[in-house]
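To start, the structure under review is shown below, and the notes come after it.
Numbering of residues begins at 1 and proceeds along the displayed sequence. The figures here come from the full heavy-atom set of this structure, side chains too, leaving out hydrogens, waters and symmetry mates.
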Amino acid sequence: MEIHGTCKPQFEGVKVVFEENFEQRGDVGACVAVSVEGEPVVDLWAGYRDRARTLPWEQDTIVNVYSTTKTMAALTALLLADRGELDLYAPVKRYWPEFAQNGKEKVEVRHFMSHSAGLSGMDEPMSSEDVYDWEKMVTALARQAPWWEPGTASGYHALTQGHLIGEVVRRVTGASLGQVFRRELAEPLGADFHIGTGPEHDHRIGELIPPEAAPAGEAEPNSIAARTFANPFIAARAASTRAWRAAEIPAANGHGNARSVMRVQTLAANLGSAFGKRLMSEAGCRAIFDEQTFGKDLVLGVPVKFGMGYGITTDLLPMGPNPNIAYWGGWGGSTAVIDLDARLCISYVMNRMEGNLMGDLRGFRLLQAAHRSL
């Protein structure tokens, strides 16, 4: 497998593992990027962007990264909080008055950030196409009663989190989350990442190769997990449609590559500055680690510690040797990890999907290699 891109000699171990992902772990097309102390040290890509293996994965290839998009939505909210425009501990009704019904009067913005608002799925029947209708989604979520007492436990808001955070961002700024993200983060940091992707990018979007199993495929039919993924149900093939790409679904339909994920998330990993620009304060970045919930997630079924918008490393789910590591991944295997102690950021993005919702061995091996390189 021919590996393209750049890699500082100290991080040659990352390149070795990246090559092993193709030789031993079935990668078809993929990329990995690493920064340390606000500067890039690894930017590699290889393979093919289509299932037939006829089109090479190029430097500017982008793909749908599913829930790795959540780290972008979270950082957008954290940026507004850092500027004093948004209080993460305020009741949602301060910004979105219509939300305060059906037992949600005391729900706070932080409950959206930590998947603990009790709105992991929807009661009103929603088609796949309804997900593209912002007003329909947020109006239904405002009407809905929580499925459990908000703030008491996390239950992964797989699709709804983006609409919930996004509506608060829209009420605060008057612009959509995708617009605020582009203006305040992607463009200043030179990141080729899109929440709402125009047709001018279609020619370079990689073809996702779906896993055999759907999320929560073995969950009890009436469980919170099953209900979360059943309504609205999104099939992997939706990612290839223009309607999916064009919509803003800040929990799931961001398009980018490892380089663009790394360029945005380096801001958090390096405590507010990246590539020579300071956009946030150190305290604003450390807010990620304000622990909100820690226990068995009602949807994922495993113990997860959530801070503000990110998972936080624990002994049960260790993401490295340091205590201040935050992370999240997307359905299929994409990942974003930030290590504030090492000032390290790493992202892995691919097109052959595994069935996991929180990353897999391919990304984890690369993370281990990056830490070893330090």
Side-chain angles (χ1 to χ4, degrees), residues 1-36 40-59 61-68 205-215 217-218 236 239 256-262 302 311 313 316-321 325 327-337 339 342 344-374:
M1 176 59 61
E2 186 177 358
I3 308 295
H4 304 275
T6 58
C7 180
K8 294 281 181 71
Q10 180 184 348
F11 291 86
E12 191 67 25
V14 175
K15 186 175 182 179
V16 170
V17 172
F18 186 58
E19 194 165 4
E20 289 174 355
N21 279 350
F22 288 90
E23 295 172 350
Q24 302 172 18
R25 302 183 188 103
D27 258 338
V28 175
C31 47
V32 60
V34 182
S35 69
V36 177
V41 294
V42 176
D43 181 6
L44 301 172
W45 64 93
Y48 301 91
R49 66 178 189 266
D50 63 330
R51 184 197 295 261
R53 302 180 187 233
T54 60
L55 302 170
W57 187 291
E58 306 279 7
Q59 183 175 6
T61 296
I62 58 174
V63 295
N64 187 174
V65 300
Y66 284 104
S67 288
T68 298
I205 295 178
E207 177 189 3
L208 291 180
I209 304 168
E212 293 181 7
E218 298 180 3
N257 50 33
R259 181 188 315 107
S260 61
V261 173
M262 175 272 286
V302 295
T313 189
L316 296 170
L317 282 173
M319 290 292 138
I325 300 177
Y327 68 96
W328 205 247
W331 181 33
S334 67
T335 56
V337 180
D339 182 336
L344 170 81
C345 177
I346 180 169
S347 176
Y348 162 74
V349 170
M350 73 307 122
N351 62 353
R352 189 190 67 79
M353 300 170 66
E354 295 278 6
N356 304 319
L357 287 167
M358 297 172 63
D360 58 42
L361 202 57
R362 295 170 296 174
F364 190 67
R365 292 288 194 209
L366 289 164
L367 173 63
Q368 288 179 315
H371 274 120
R372 284 196 301 271
S373 299
L374 295 173

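- Shown here for M262 and S35, the closest heavy-atom pair between the two residues is SD-CB, 3.6 Å.
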Inset, instruction - For the pair V36 and L374, evaluate side chain to side chain contact (heavy atoms under 4.5 Å, CB included) and give the outcome as yes or no after the intermediate values. - result: CA-CA 9 Å; V36 177; L374 295 173; 4.2 Å; yes
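- Side-chain contact check for Y348 versus V34: every heavy-atom pair is 4.5 Å or farther apart.
- Nearest heavy atoms, L317 versus T313: O-OG1, 3.7 Å.
- Put simply, the side chain of P211 does not reach to within 4.5 Å of the side chain of E354, judged on heavy atoms.
- At most 12 non-hydrogen atoms from other residues, nucleotides or ligands lie less than 6.0 angstrom from CD of E2.
- For E20, the salt bridge (charged side-chain N to carboxylate O under 4.0 Å, His left out) test picks out R25, with sequence neighbours left out.
- Judged by distance alone, the side chain of D43 and the main-chain N or O of T6 form no donor-acceptor pair under 3.5 Å.
- Remark: I3 CD1 to C31 SG distance equals 11.5 Å, nearest 0.5 Å.
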Please evaluate residues K8 and V42 with respect to the criterion side chain to side chain contact (heavy atoms under 4.5 Å, CB included), reporting the C-alpha separation (whole Å), side-chain torsions for both, the decisive distance (0.1 Å), and the verdict. CA-CA 6 Å; K8 294 281 181 71; V42 176; over 6 Å; no
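- A distance of 13.0 Å separates CD in E12 from CZ in F18, rounded to the nearest 0.5 Å.
- Nearest approach of V14 to S373, heavy atoms of both residues: CG2-OG, 4.2 Å.
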With a cut-off of 3.5 Å and sequence neighbours excluded, list every side-chain donor-acceptor pair involving residues 363-370.
from, atom 1, to, atom 2, distance (Å)
R365, NH1, Q368, OE1, 3.4

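- Here the CZ atom belonging to R352 is positioned 13.5 Å from the CD atom belonging to E207, to the nearest 0.5 angstrom.
- Residues S67 and W328 approach most closely at O-CD1, 3.6 Å, considering heavy atoms.
- For the 3.5 Å distance criterion, the side chains of Y48 and D27 fail to qualify, holding no donor opposite an acceptor.
- Counting only distance, with no hydrogens or angles, the side chain of R259 and the backbone of W45 share no donor-acceptor pair below 3.5 Å.
- The closest donor-acceptor contact from the side chain of S334 to the backbone of V65 lies under 3.5 Å.
- Taking the salt bridge (charged side-chain N to carboxylate O under 4.0 Å, His left out) definition, one finds that R49 meets it with nothing, sequence neighbours left out.
- With values rounded to the nearest 0.5 angstrom, I62 atom CD1 is found 7.5 Å from N257 atom CG.
- To the nearest 0.5 Å, the span separating NE2 on H4 from CG on L44 amounts to 10.5 Å.
- Closest non-hydrogen pair, A258 versus S347, comes out as CB-O, 3.4 Å.
- For the pair T68/V349, no side-chain contact is recorded, criterion being any heavy-atom separation below 4.5 Å from C-beta on.
- When all heavy atoms of A239 and N64 are compared, the closest pair comes out as CB-OD1, 3.6 Å.
- Atoms CE and OG1, from M350 and T335 in turn, are 9.0 Å apart once rounded to the nearest 0.5 Å.
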